[in-house]
K.L.:
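Can you keep this structure in mind? I'll have questions shortly.
Naming convention: chains lettered A, B, ... in sequence-line order (proteins, then strands); numbering from 1 in each chain. All values below come from the heavy atoms of this structure, side chains included, with hydrogens, waters and symmetry mates left out.
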4 protein chains.
Amino acid sequence: MANSKYEYVKSFEQPDVLLPNTWIVVRIDGRGFHKLSDRYGFVKPNDRRALDLMNAAAVEVMKELPDLCLAYGVSDEYSFAFHPSCQLFERRSAKLVTTIVSTFTAYYIYLWGTYFPDTPLQPAALPSFDGRAVMYPSSRILRDYMSWRQVDCHINNLYNTTFWTMVLQGGMSNTDAEQELKGTVSSDKNEILFKRFGINYNNEEEIYKKGSVIYRQYQLEDAQPKSGTSNAEEEEDIPSAPASRSQQDKIRKLRRKAQVVVDHVDIIKDEFWQRRPWILSGRPGKLPTEAQ
Amino acid sequence: MANSKYEYVKSFEQPDVLLPNTWIVVRIDGRGFHKLSDRYGFVKPNDRRALDLMNAAAVEVMKELPDLCLAYGVSDEYSFAFHPSCQLFERRSAKLVTTIVSTFTAYYIYLWGTYFPDTPLQPAALPSFDGRAVMYPSSRILRDYMSWRQVDCHINNLYNTTFWTMVLQGGMSNTDAEQELKGTVSSDKNEILFKRFGINYNNEEEIYKKGSVIYRQYQLEDAQPKSGTSNAEEEEDIPSAPASRSQQDKIRKLRRKAQVVVDHVDIIKDEFWQRRPWILSGRPGKLPTEAQ
Amino acid sequence: MANSKYEYVKSFEQPDVLLPNTWIVVRIDGRGFHKLSDRYGFVKPNDRRALDLMNAAAVEVMKELPDLCLAYGVSDEYSFAFHPSCQLFERRSAKLVTTIVSTFTAYYIYLWGTYFPDTPLQPAALPSFDGRAVMYPSSRILRDYMSWRQVDCHINNLYNTTFWTMVLQGGMSNTDAEQELKGTVSSDKNEILFKRFGINYNNEEEIYKKGSVIYRQYQLEDAQPKSGTSNAEEEEDIPSAPASRSQQDKIRKLRRKAQVVVDHVDIIKDEFWQRRPWILSGRPGKLPTEAQ
Amino acid sequence: MANSKYEYVKSFEQPDVLLPNTWIVVRIDGRGFHKLSDRYGFVKPNDRRALDLMNAAAVEVMKELPDLCLAYGVSDEYSFAFHPSCQLFERRSAKLVTTIVSTFTAYYIYLWGTYFPDTPLQPAALPSFDGRAVMYPSSRILRDYMSWRQVDCHINNLYNTTFWTMVLQGGMSNTDAEQELKGTVSSDKNEILFKRFGINYNNEEEIYKKGSVIYRQYQLEDAQPKSGTSNAEEEEDIPSAPASRSQQDKIRKLRRKAQVVVDHVDIIKDEFWQRRPWILSGRPGKLPTEAQ
């Protein structure tokens, strides 16, 4: 029995291949996590268990997809970056995005009990995530994207830390705290924390202040002296013509061998990138002789 | 602290709004389910637990998204249809697709233990799904899409039923069974089943032969006498101009009240659609006075 | 000498195929025609020569592209409609749009001297046009699009006729006329024209009031009694599956035989479409036995 | 009279903004120029009048659109390059492409009589062009695109020169010449030209061998010593964040002051780009003190 009579409907599928030689960032966001964090009693301003669960799920995504170079997470969002040379799924947008969203969700649900042993999931309120893919045409812009997310992390965390300290330790109402913080700048918030509560914001945990960056670990290189051409040289490293399938497979294998690590460091300055040139170049580095 | 220096990266996000007044079908597929079904010992040719789990997850998706009119599932795939009048997420493709994929995945993982009580999930092999959205510009073509999937279900199930009967009951090797079935038509396979194994394919379970269709239940209407204009009339019912936000909210509420049912029936012929006009019209019907 | 080293750049071309079974409207607009109409001394409020030139160029586009069903023009804009069954250039958007824009421009420049014998083109100010393609998923919406343009024509022409009569015959300054017309409705403008200048707007030329509609001429059919299902029936006529290449060629030949006519009639009401069912059906009618 | 009832049709227009910070190349091609070149008696293998007309039209396009950095033409095709920083028409693809196609067509038709004084245009066979836009994410790839076109020019011109010499001077039939050339490489064709006809291909006119490159003229810079980082440095020059509107206007004005020149030179090697750094940087150079 042939299916030809109805097969014409396949012609309605439209291609969604992303432009070659561009960075692809898939960002996922928790759906309705404001409400969800209340329901499951997330600690304010930061729930370490929830962040560790996000990171654990993201690590699994990185392991399953060796084409990923980098991931950066903060709060209920995570950004995953594919290198410009990536050919996975022929760079089809929906396929890349849904694979990441579904894999992340699967591990988030599966690992929930590990991080929230006393708070079982409720069938009427399962966590879920949406996502989208964005292209960035150069390493400079990819770095600016990552800087944007990390600056956002800092801004939000300083606000939330101050707000919740005023409420939880200072006994203020949410409205009063919100009102007082309106129009303040960073130094104002630092001062409130320090003068009223004896809290030095700089001593807060790095995971809260910097977010989490995930990458494959190779031998760190020396930080280069700062120079105007450093990024340009990284850029230069990206070949324009696509790699052969066997080259891709070889690179994937090398990547699978590397350890996937979670770090809480500055990714705005050059140093992070200079010491880990494999992230922007897409070429695996040397495996460390011992764990770092 | 302002984030303006890096915020220009937002301009790289490209819109992905789907054409108004078209049906949107989001189809999701299990990733690597061939291998996965071996690993978890799925029964051949059909594992009732696996299908029931797919259906349970799909029912939850239908409940969470009242904008969905219909879903059809077979094997490890499920198609979800949004009505042409749907305005959910401003019809953004990535948002619609990832919401469905993530919600489906969340329930699939969460409910796994209910359907596979003796087969725990393995952390290195979690099930996941990919998906994509396709637009269909008329109800006729939407129906042809659904017919395409149901014909595919029939073709595959007849093949698989025959193949696995030859292997499991007939003691043939996979290769020999495959070889013998090469080039056969439906009647050949029916004959093999009947003559060699005494199996009347018509008596197989409907869920295997027809797949699963999910929709909201209202009072069934009388089947109309077959007529050339019937589909056209349904088509006519779809207003061209978009509904107001309050109208949409009202319709959503009405839809939430309806029971979501799983059926295993023919969706190729007119009858299914004529008795359930609300599916193509997008207008909720009358709630049944008693459960059906 | 092979060109393979650089040929990878072809992979950057992205597909732009429009959704099957939708109406495609290519609308073109004069670039900077406000300034251009001053420079070439177009008569206000309507320059018959300029409109005739637009129509002449549009007729040539219709002749060159038999896949076009209909065109509608007003002022310096023209909309060309391809039938949902159209397969021209595999429905590639850029190809369809640029072919129409370039062909239209070529005839507009070439025929300029015929319509403006005393006003030669100036090399520093050649007329040109931009354009874009839009999809409409049903005949009802295609008709609403055409109605939108014709209502716009009416609104603008009534305004312009009143404004320029106040200025040219009434001796008012542009600013005073603009000021007085601010906030007026149609009946106000009709009254100004009639009471002050003895002009009955209804007696203005149809080309100014209705714009220009271009189509292929076949034997007119009787207008059907108004009925709720009329459009639906037209809709029903559009086959969902694509026609074969030989069927398409045959239809193209039949279309080439028909005379392309320019009309200035109402295209909002049903009558125009009922008497010319071939426009929405895409199926050529009977050739008239004598010119109409 | 309001137009609101039909205005919903505007919602069907879909955005087509091209990715920021990428090169945009609009390539246009003559439609059916094989047939057209016969009809108008173009000289084989190259018609100087036809090429000069192409170049004249392209120069006018460059003058009208100061956002263009470069154009390259060969035969009946022309490629126009917008810089990554270009914001013209908000980078809407259809607007950019149709503006170029229409402007080019207008000048081509208008100037025809200047280049073909004895061959009037025929109304049934007006020349026209189609076009499309492609994005290239780096200067390296933009250069590879241009190299691709110039290598193509060389390959085709060597073939055509040999073929037409064999036919026109050697008295061979088209078929015989085609047959003999099948499978030959460059050196074979050079030898046929030299040994049989005493033609040294190197002495052919540059416009035929190299095609035509159009750009704005500033003071040439010294060619840099060849170095691996040269392109990277050019790349580095492109700012990631968009320029303000006033900056853009200022740059446009500076560009309008520069002379637009037509050249027939190698654009594959580095020298062309190193001596004219303004092309890739997008920053106007110094105006020459005297014509070069």
K.L.:
Heavy-atom pairs under 4.5 Å with chain D: which of C:Met135, C:Arg132, C:Arg92 has the most?
P.N.:
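It is C:Met135.
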
K.L.:
Between D:Val101 and C:Ser102, what is the shortest heavy-atom contact and its length?
P.N.:
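Distance-wise, the nearest heavy atoms are CG1-CB, 3.5 Å.
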
K.L.:
Select, from D:Asp16, D:Ile100, D:Thr105, the one with the greatest count of heavy-atom pairs under 4.5 Å involving chain C.
P.N.:
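Between D:Asp16, D:Ile100, D:Thr105, the count favours D:Thr105.
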
K.L.:
Please look at C:Gln14 and chain D and tell me whether the side chain, the backbone, both or neither of the residue comes under 4.5 angstrom of a heavy atom of that chain.
P.N.:
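Only the side chain of C:Gln14 comes within 4.5 Å of chain D.
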
K.L.:
Under a 4.5 Å heavy-atom cutoff, which of D:Pro123, D:Ser93, D:Ser128, D:Ala94 has the most pairs with chain C?
P.N.:
D:Pro123

K.L.:
I'd like to verify something: which residue of C:Leu111, C:Ile141, C:Leu158 has the highest number of heavy-atom pairs under 4.5 Å with chain D?
P.N.:
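The residue among C:Leu111, C:Ile141, C:Leu158 with the greatest pair count is C:Ile141.
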
K.L.:
D:Tyr6 versus C:Ile268: any side-chain heavy-atom pair under 4.5 Å?
P.N.:
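When only atoms from C-beta onward are counted, C:Ile268 and D:Tyr6 do touch, with a gap below 4.5 Å.
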
K.L.:
Most heavy-atom pairs under 4.5 angstrom with chain D, which of C:Leu142, C:Asp130, C:Val97?
P.N.:
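When all of C:Leu142, C:Asp130, C:Val97 are compared, C:Asp130 has the most.
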
K.L.:
Do the side chains of D:Ile28 and C:Thr98 get nearer than 4.5 Å, heavy atoms only?
P.N.:
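A side-chain contact under 4.5 Å is absent here.
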
K.L.:
Heavy-atom cut-off 4.5 Å, strictly under: side chain, backbone, both or neither for C:Ala124 against chain D?
P.N.:
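Just its backbone gets close to chain D.
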
K.L.:
Tell me, for D:Tyr108 versus chain C, whether the close heavy atoms (under 4.5 Å) come from the side chain, the backbone, both or neither.
P.N.:
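Contact with chain C involves no heavy atom of D:Tyr108 at all.
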
K.L.:
For each of C:Leu126, C:Asp29, C:Ile109, tally heavy-atom pairs with chain D at distances under 4.5 Å, and name the one with the top tally.
P.N.:
C:Leu126

K.L.:
So D:Arg31 and C:Thr103, do their side chains get closer than 4.5 Å, heavy atoms only?
P.N.:
yes

K.L.:
Go through the atoms of C:Pro127 and report whether side chain, backbone, both or neither lie under 4.5 Å from a heavy atom of chain D.
P.N.:
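Interface part for C:Pro127: backbone (N, CA, C, O).
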
K.L.:
Determine whether D:Val25 and C:Phe12 make a side-chain contact, defined as any pair of heavy atoms from C-beta on separated by less than 4.5 Å.
P.N.:
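No. Closest side-chain heavy atoms not under 4.5 Å.
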
K.L.:
Among D:Phe129, D:Tyr110, D:Phe104, D:Tyr145, which residue has the highest count of heavy-atom pairs closer than 4.5 Å to chain C?
P.N.:
D:Tyr110

